Amino acid sequence: MTGPLVVAAAVVAIALAPLVASTYHVLLMLPFMAYAVVLLGLNLLLGYAGLVSFGHALFIGIGAYTGAFLTSHFKIRSLEVILIAAAALGALVAAPVGALCVRYVKIYFGMLTLAFGMVFYTFVLKFYRLTGGDEGTPFLRPSLLGRSLEAMPKTDYLVGPYYYYSLGVVVVATLCMWRIVHSPFGLCLKTIRDNPAKAETLGIGVTRFRFHAFVISAVYAAVGGALLGPPIGNVDPTLAYWTHSGNIVFMTLLGGFTSFFGPVVGAFVFIYLQNWVMSVVPYWRLIFGAILAAIVIFAPGGLLGLVRPGRAAVRAAGRRGAGAPPAESRP
Amino acid sequence: MILVAEGLRKLYGEFCALDGVSLGVGAGEFVSIIGPNGAGKSTLINILTGLTPPSAGTVRFKEREIHGLGPVGLARLGMARSFQLVHIFPDLTVLETLQAAVVARLGRGTRLFASLAGDRDVQREALEVAELFRLSDKRGALARHLPQGDKKLLDVASAFALRPEIILLDEPTSGVSTADKTAVMETLVEASKRIGLQAILQVEHDMDIVFAYSDRIIALHQGKVLADGPPSAIQADRYLIDTVIGRRARTH
Ligand SMILES: Nc1ncnc2c1ncn2[C@@H]1O[C@H](COP(=O)(O)OP(=O)(O)OP(=O)(O)O)[C@@H](O)[C@H]1O
Ligand SMILES: [Mg+2]
């Protein structure tokens, strides 16, 4: 029963961070918390349904642009409204995209999601009048729980109310996802990940479950995307670029997709490591890439796989071979 | 007749794996399909369970043409199966595997925020099936870590957890040691009674098992039905025994 204690301790530590850590580091926690939400959703797809999406920046973009549009063009500042609208739009876009993508698996699924991501990127880049093109659209400071907070200095706003608001969203998103993966629905997803042919003979409709997982993960990505906006203050197409999709997959692998919190840990390490390497060496991408590659090579089960060897490592390694169902049954 | 097949043909390119197979399985029947390697037994099972479409012919399950239903639709209608090569969920435990079957049967897979651990019906039924198949000691073990025989048993047990009306088993005792085969069959028969199963259609190589448990035997050879009758009739047919079973049976 150390698990719940560790999680509780982590939440307390995050809550106390603004009191002890430097403003600089506290500000870095904001993208971390936004990514935590995105990755909880992405891992429903990757760790629980066995599908790797290379297009989830699309949904991050949907969420971030929703916030930018609402605050800039519609004078809607309420972050609650923004998050709900982001979630709804994320689901709306994910429905047709998902309906098409989940008919394919493995690399074909990945390529299709990548393609949709590219289409969206090009759309936001080229529709200058709507999106501001490469200059983007401002994400004006949202009000929190009905309070405007317009008068606060920006940093105070971010490390104060906005920080705790984000933490609240992360906690709620985590609790929801925890329930989802421990529900009958979550179990069905795992059967599909492990052996779709067998799942079908049990009456579990593979495509339908994958579709639902896809939409849920898109909703999470959109909500996380909306949270990314206010600290930057401006939403531009790089948020929707495919390398961004790659980064979040990487964060997931880094932390370990076989455990619930692995991807969240991955996001934390990714963000702080990137920042640290950037500050100490000039060719930071080179060094950063090498460090990440080393982690993947020496910890194939992700960082959490190192902490909890047994199951995570075995599962990560096994996924490559023994996880595949025998070919006999495929028509 | 619960399950009726008429004029089934299956072509793999030029090769004809099934050539005009017709058969029926009635309520209360235990039917065994026998035949040498490559006779088309697995192909037949895969067509009957909607996994593979036939090149020609029809299958009716409970008076209903199965065309287009697929395995999911058939499972919901009351048909379950196990595979010749074990099909398990490697990273799920024994209990989780059985729970998944129960969840699917009760149509609770869409319960997004419900607690699986708190679902009494699912927990109870999964445990019952685990006990029935003597897997309850291993209920916490990952399926991938089970010995081969238990993997097979789990595959079969998860099919039973669907409480189907008919079950199609492709070599349920292959990979099980000879000594344990009878025990597996006894378990199957007992489980069938317990869940009110109407019919079993199995593929089996072990002739002792086939003769001991079957109400009827269908002999398949090169994609054709050579014989279809009670064990006594099959046993009496020397020519049939020679072609279908070969040397192995004569040594008995
Ligand atoms: N997908 C396929 N493509 C091409 N040929 C196939 C395919 N599946 C089966 N066959 C061929 O069809 C024939 C029948 O195969 P099937 O698996 O039904 O035999 P079986 O009676 O189950 O044999 P066994 O006792 O070895 O399990 C074999 O000759 C096999 O090589
Ligand atoms: Mg076979």
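Since the model is a prediction, treat every value here as computed from it, not as a measurement. Just so it is clear: chains get the letters A, B, ... in the order the sequence lines come, proteins before strands, and each one is counted from 1. Heavy-atom basis, side chains included; hydrogens, waters and symmetry copies ignored.
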Measuring only between side-chain heavy atoms, which start at C-beta, is [X] closer than 4.5 Å to [Y]?
X      : Y      : answer
B/L74  : A/E200 : no
B/S115 : A/H182 : no
A/K198 : B/D155 : yes

Count the heavy atoms of every other residue, nucleotide or ligand shown that sit under 6.0 Å from [atom1] of [X], and state whether that count exceeds 12.
X      : atom1 : result
A/Y164 : OH    : yes
B/E63  : CD    : no
B/R194 : CZ    : no

- Query: Taking B/T49, B/I45, B/D119, B/V72 one by one, which has the highest count of heavy-atom pairs under 4.5 Å against chain A?
  - Reply: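 Between B/T49, B/I45, B/D119, B/V72, the count favours B/V72.
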Find the one option among B/A80, B/G50, B/A114 whose heavy-atom pairs under 4.5 Å with chain A are most numerous.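 Sorted descending by pairs with chain A, the first entry is B/A114.
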Using non-hydrogen atoms and a 4.5 Å limit, figure out which bit of A/I216 sits close to chain B: side chain, backbone, both or neither.
->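 It is the side chain, since no backbone atom gets that close.
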Checklist line | Distance, nearest 0.5 Å, that separates CG of A/L202 from CZ of B/R76 | finding: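 Answer rounded to 0.5 Å: 11.5 Å.
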Options A/T201, A/T191, A/V206, ranked by heavy-atom pairs under 4.5 Å with chain B, top entry: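 Option with the top pair count is A/T191.
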(Q) At a heavy-atom distance under 4.5 Å, which candidate from A/P184, A/G186, A/G203, A/C188 has the highest pair count against chain B? (A)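 With the most close heavy-atom pairs to chain B, the winner is A/P184.
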Original post:
Applying a criterion of heavy atom separation less than 4.5 Å, what residues of residues 100-112 of chain B form contacts with chain A?
Top reply: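 Counting heavy atoms that sit under 4.5 Å from chain A, the residues of residues 100-112 of chain B involved are B/A100, B/A101, B/V103, B/A104, B/R108, B/G109, B/T110, B/R111, B/L112.
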>> Using a 4.5 Å heavy-atom cutoff, which residues in residues 9-20 of chain B come close to chain A?
In response: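 Result: none.
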* Asked: Do the side chain of A/D194 and the main chain of B/D91 share a donor and acceptor less than 3.5 angstrom apart?
  ->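 Here the side-chain-to-backbone pair exists.
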Which atoms of B/S158 approach chain A - backbone, side chain, both or neither, heavy atom under 4.5 Å: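 For B/S158, backbone and side chain are both near chain A.
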For a quick test of reading the model, state the closest non-hydrogen atom pair linking A/N195 to B/F89 and the distance between them.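 Answer, listing the atom of A/N195 first, then B/F89: O-CE2, 3.5 Å.
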